[in-house]
Amino acid sequence: MNHPADVSLLAASPWWRSDPGTSLVIRGGSRLVGTYPISGAKNAVLPLMVSALLTPHLVTLHNVPASLDVAVLSNLLQRLGVGLNWSSNGRTGLSLTLCADQVHPARIDRDLVGRMRASVLLLGAVLARCGEACLPMPGGDAIGLRGIDFHVAGLRAMGAEVDITGGVIHAKAPRGLRGAEVALPLPSVGATENLLLAAVLASGRTVIRNAAREPEIADLVHCLAAMGAQIEGVNSDVLSIAGGRPLIGAVHTVLPDRIELGTVACAVAVTGGEVMLQRARADLLGAAGPALAAAGVVLENVDGGLLARRSSAGITGIDLHTRPYPGFATDLQSPVMAMLATAKGASAVTETIFEQRFRHVDELRKMGANITVHGRTAWVRGVERLTAARVTATDVRAAAALVLAGLGAKGDTILDGLDHLDRGYDRMADKLVACGAVITRSSA
Ligand code: EPU
């Protein structure tokens with residue numbers, strides 16, 4: 001297997017490497033027309049990459065998005081001793097083969113863990129494979145409290161000794177993990193994934209109740225099943241895992257990103273035009289599908305994807321609550337709000353998953369949006385058009401929302417905080433430019 005130099009395939013693309021001081025300049029007013037390839041889902045590929053830690057055999061992932069989070073996790077895995085081999089072809093996009101024939105649990109890089117929430121998944125996987133894991137509390141977007149108490153309680157139920165001192169998590173299971181019944185207080189995506197990863201190597205049966213049902217979890221279950229794991233209840237809120245079997249290698253294609261699909265569809269509704277969203281799947285949208293349709297986003301099933309355009313009635317206000325899947329995805333809340341900022345009529349957008357996920361509101365207001373926040377609800381009164389301003393992204397989805405706002409606004413919007421966009425999306429600006437958007441990177 002090749003080692004560190006392999007990541008250079010990702011690093012070769014200027015689009016994912018945000019140098020500090022680089023901004024995006026988005027000229028509003030161009031209609032979007034053309035084909036936009038939807039990439040593999042960010043929130044699917046990260047747990048899939050971690051799953052390779054569970055076996056000494058090769059795991060190959062196709063349709064890997066070239067995002068900064070993928071690059072950071074690649075580095076983390078390499079330092080743990082995992083061999084990575086990148087390749088690229090037109091049909092399956094980027095492919096990554098991982099070989100965890102050896103794993104060195106003491107080599108978890110603390111700085112890198114601090115950069116990404118998904119690194120908490122190393123806890124379950126490294127603990128299950130090596131009998132010990134030690135990592136700092138994970139970083140990630142500042143969108144709420146984001147505790148890890150469900151992860152820790154589940155691992156303790158499986159026999160792990162877990163101690164958190166000075167912001168560092170020390171977990172041990174010297175005699176191995178054992179299957180357990182775990183009921184999650186909330187259907188946490190990360191806790192479900194962490195416990196799944198641990199349970200496939202634990203001895204005996206683990207049952208996870210109130211499990212999250214996001215499509216990215218089903219994708220992980222499918223990959224683990226291809227590796228030989230026995231898991232029942234895929235797509236339901238009870239997952240039953242018969243653990244303890246040695247896993248083999250597997251080849252898996254990452255499912256398409258439903259958040260990128262919803263975001264770009266909203267962008268087309270704002271700018272007008274018609275875009276073929278290649279590989280997009282409307283069935284992954286859950287409640288966001290009908291909500292987008294009610295707001296005036298038309299998504300037509302066509303061969304190879306979805307055709308997105310604005311309905312002839314234009315964009316109209318809607319009320320929505322974010323909920324665990326199949327409810328309306330919290331990750332679509334900010335981009336949809338950016339679209340609703342210029343809808344006919346008013347909208348009430350209620351965020352129920354994260355405590356601080358309205359940080360894009362102040363930035364949209366700088367662009368002339370009429371939004372007021374009362375508790376967990378943002379009241380959006382549609383204005384005719386937004387006006388360009390200098391704005392800053394504070395998280396991945398806020399970054400996408402501000403790109404969308406800039407595409408519809410009058411004038412040149414300057415977007416700072418680009419690393420957030422590049423963390424979560426595979427060359428989004430590049431792909432929008434190919435559909436007629438006028439976007440440049442500026443280091444001024
Ligand atoms: N929670 C706890 N304790 C826990 C775990 C979760 O209190 O031990 C709380 C959280 O604070 C939050 C709620 O439960 O209020 C739901 O959190 P969840 O664990 O489901 O979220 P996550 O695993 O941290 C993933 C995605 C998020 C996405 C959420 C919800 C990844 C890497 N992250 O986060 O994605 O918003 O599920 O769907 O998969 C993003 O992509 O921009 C993003 C933030």
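Atoms within each ligand, like the ligands themselves, are counted from 1 in listed order. Excluded from the calculations below are hydrogen atoms, water molecules and symmetry mates; all remaining heavy atoms, backbone and side chain alike, are included.
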Do any nitrogen or oxygen atoms of [X] lie less than 3.5 angstrom from nitrogen or oxygen atoms of ligand 1?
{"X": "R357", "answer": "yes"}
{"X": "I353", "answer": "yes"}
{"X": "V396", "answer": "no"}
{"X": "S188", "answer": "yes"}
{"X": "F150", "answer": "yes"}

**Request:** Would you give the length of the straight line joining atom CE of M116 to atom CG of L46, rounded to the nearest 0.5 angstrom?
**Result:** 5.5 Å

**Message:** Can you tell me how far apart NE2 (H62) and CG (L94) are? Round to the nearest 0.5 Å.
**Reply:** 11.5 Å

**Request:** May I ask whether E351 has any heavy atom positioned less than 4.0 angstrom from an atom of ligand 1?
**Result:** no

Between [Y] and [X], is there a salt bridge with N-O shorter than 4.0 Å?
{"X": "K42", "Y": "D257", "answer": "no"}
{"X": "D111", "Y": "R79", "answer": "no"}
{"X": "R357", "Y": "D331", "answer": "yes"}

Identify, by atom number and element, the atoms of ligand 1 in contact range of [X], meaning under 4.0 Å from any of its heavy atoms.
{"X": "G190", "answer": "19 (O), 23 (O)"}
{"X": "L186", "answer": "14 (O)"}
{"X": "R397", "answer": "40 (C), 41 (O), 42 (O)"}

**Request:** Please name the residue in the list R365, R359, K366, H360 that meets the side chain to side chain donor-acceptor pair (under 3.5 Å) test with E363.
**Result:** K366

What do we get for [X] next to ligand 1 when only non-hydrogen atoms under 4.0 Å count, side chain, backbone, both or neither?
{"X": "R117", "value": "side chain"}
{"X": "V189", "value": "both"}
{"X": "E193", "value": "neither"}

**Asked** Any sub-3.5 Å donor-acceptor pair from D237's side-chain atoms to N210's backbone N or O?
**Response** no

**Item:** side chain to side chain donor-acceptor pair (under 3.5 Å) evaluation trace for S67 with D426
**Value:** CA-CA 5 Å; S67 68; D426 176 353; over 6 Å; no

